[in-house]
Protein chains: 2
Amino acid sequence: MKTIEQFLESKDIRVTAMRLLVYKFLAEKEVTVTLSDIENAFAKADRTTLYRTVKTFEDKGIVHQIDDGTGITKYALCEKGCNCEIETDLHLHFHCNNCGETVCLTEHKIPQIKVPDGFVSENVNLVVKGICDKCSGQ
Amino acid sequence: MKTIEQFLESKDIRVTAMRLLVYKFLAEKEVTVTLSDIENAFAKADRTTLYRTVKTFEDKGIVHQIDDGTGITKYALCEKGCNCEIETDLHLHFHCNNCGETVCLTEHKIPQIKVPDGFVSENVNLVVKGICDKCSGQ
DNA sequence: CAATGAATGCACTTCCATTGCATTGATTTT
DNA sequence: AAAATCAATGCAATGGAAGTGCATTCATTG
């Protein structure tokens with residue numbers, strides 16, 4: 001069992017108090033978060049620092065960005081079957097129209113998408129919108 | 001064969017010179033366009049007017065928005081198999097990483113996406129990124 | 001301990017989406 | 001046809017989010 005510190009170091013990320021806090025925040029969130037979410041969680045920290053912290057995580061491959069169509073970038077830790085560094089990995093996400101939260105459905109894989117002749121598929125972004133399990137009352 | 005004027009009226013859209021021009025512009029474009037694209041095409045017109053013109057078209061169901069992950073909203077006329085008013089219709093779009101253009105692949109339908117128990121799917125947004133037919137040299 | 005380089009914080013910029021309000025324009029009512 | 005009404009337009013301004021420059025703080029290393 002690695003500590004978070006060891007994990008970050010293994011990913012070539014220098015450990016700081018800020019980064020530990022942001023990592024823990026992301027880890028305990030089961031849904032994707034916006035930069036504003038993080039900002040609200042750490043009111044004392046500067047927005048830019050948080051922005052760059054998440055960006056560093058992204059560059060080092062432990063966080064991925066989600067574009068769920070709301071126009072606001074969401075972030076989530078890469079884990080549990082997330083292979084977002086692999087180009088062909090399908091980033092399936094679910095956006096709830098009721099609570100507004102977006103969750104990663106990493107365990108749900110999607111068949112290969114066919115594109116017309118002449119088109120070369122490098123990456124696929126798939127967002128399903130509807131009502132999530134919490135809001136549907138199940 | 002309806003005229004554009006008749007078509008707009010049938011959709012409960014009052015006909016104006018501006019709206020006719022914007023409609024024609026969208027109609028002759030085979031790719032999706034941004035508000036800036038429209039703005040550049042009609043330098044004399046005000047950005048707000050164009051914005052509201054497109055929004056009106058969208059509200060009346062003859063234009064749909066595309067979020068291709070670039071962060072900039074794209075628009076396209078609904079036609080040729082586009083059933084975006086139907087919730088379950090798959091909005092398949094292709095974004096070219098080379099030329100930056102986004103096209104609608106309305107003729108390419110995708111199998112139903114399965115979501116976990118408790119989740120209710122209402123709408124699906126699918127964006128494939130890669131190289132388009134024009135840029136791939138075919 | 002000094003030096004170096006990264007991390008942080010503050011200020012600022014840019015870009016796009018959106019709204020308020022006054023004015024213009026068109027349509028309907030008298 | 002003139003007046004009244006309502007939508008469309010244009011201008012100005014706002015707001016939100018992403019991103020950058022630079023000075024300062026912090027931590028690591030020689």
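Per chain, numbering begins at 1; letters A, B, ... match sequence-line order. Hydrogens, waters and symmetry mates play no part in the numbers below; they use all other heavy atoms, side chains included. The model shown is predicted, which means the values in this text are computed figures rather than measured ones.
- One finds no side-chain N or O of B:Ser36 lying less than 4.0 angstrom from the OP1 or OP2 phosphate oxygen of C:dC15.
- Counting to the nearest Å, the C1' atom of D:dA8 and the NZ atom of B:Lys55 are 16 Å from each other.
- Regarding contacts with the backbone of D:dT9, every side-chain N or O of B:Arg52 stays at 4.0 angstrom or more from both OP1 and OP2.
- Here C:dA7 is the nucleotide among C:dG9, C:dA7, D:dG10 with the atom lying nearest to any side-chain atom of A:Arg19.
- Here the side chain of B:Thr48 is nearest to one of D:dC11, D:dA18, C:dT8, namely D:dC11.
- Distance from the side chain of B:Arg14 is smallest for D:dA7 among the nucleotides C:dA7, D:dA7, C:dC16.
- Rounded to an integer number of Å, the gap from CG of A:Asp46 to P of D:dG19 is 16 Å.
- When ring centroids are compared, A:Tyr75 and A:Phe57 stay outside the 6.0 Å threshold.
- Mapping B:Val15 and B:Tyr75 onto DNA chain C by nearest heavy atom places B:Tyr75 closer to the 5' end of the strand.
- Atom CG in B:Leu50 sits roughly 14 Å away from atom C1' in C:dT18 (whole-Å rounding).
- The CG atom of B:Leu21 sits 16 Å away from the P atom of D:dA8 (whole-angstrom rounding).
- For the pair B:Ile13 CD1 and D:dC6 P, the computed distance is 21 Å after rounding to whole Å.
- Residues A:His95 and A:Gly100 come closest through the heavy atom pair CE1-O, 3.3 Å.
- For the pair B:Arg47 and C:dT18, the criterion of a side-chain N or O lying under 4.0 Å from OP1 or OP2 is not met.
- By the 4.5 Å heavy-atom criterion applied to side chains, B:Pro116 and A:Asp133 are not counted as neighbours.
- Listed pair B:Thr53 / D:dA8 fails the phosphate criterion, with no side-chain N or O lying under 4.0 Å from OP1 or OP2.
- Proximity note for B:Thr49 (side chain, C-beta onward) versus D:dT9, C:dA17, D:dA18: the nearest is D:dT9.
- Here the options are B:Asp68, B:Asp37, B:Asp67, B:Thr32, the test is side-chain hydrogen bond (donor to acceptor under 3.5 Å, both in side chains), and the partner is B:Lys74; only B:Asp68 passes.
- When the side-chain nitrogen and oxygen atoms of A:Tyr51 are compared with OP1 and OP2 of D:dA18, none of them lie within a distance under 4.0 Å.
- A:Lys74 places its NZ atom 16 Å from the P atom of D:dG16, with the value rounded to the nearest Å.
- At least one donor-acceptor pair under 3.5 Å links the side chain of A:Ser136 to the backbone N or O of B:Gly118.
- Rounded to whole angstrom, the span from the CD1 atom of B:Ile72 across to the P atom of C:dC16 amounts to 5 Å.
- Checked against D:dT9, C:dC16, C:dA17, the side chain of B:Thr73 finds its nearest nucleotide in C:dA17.
- Put simply, CD on A:Gln65 is 7 Å from P on D:dG19, counting in whole angstrom units.
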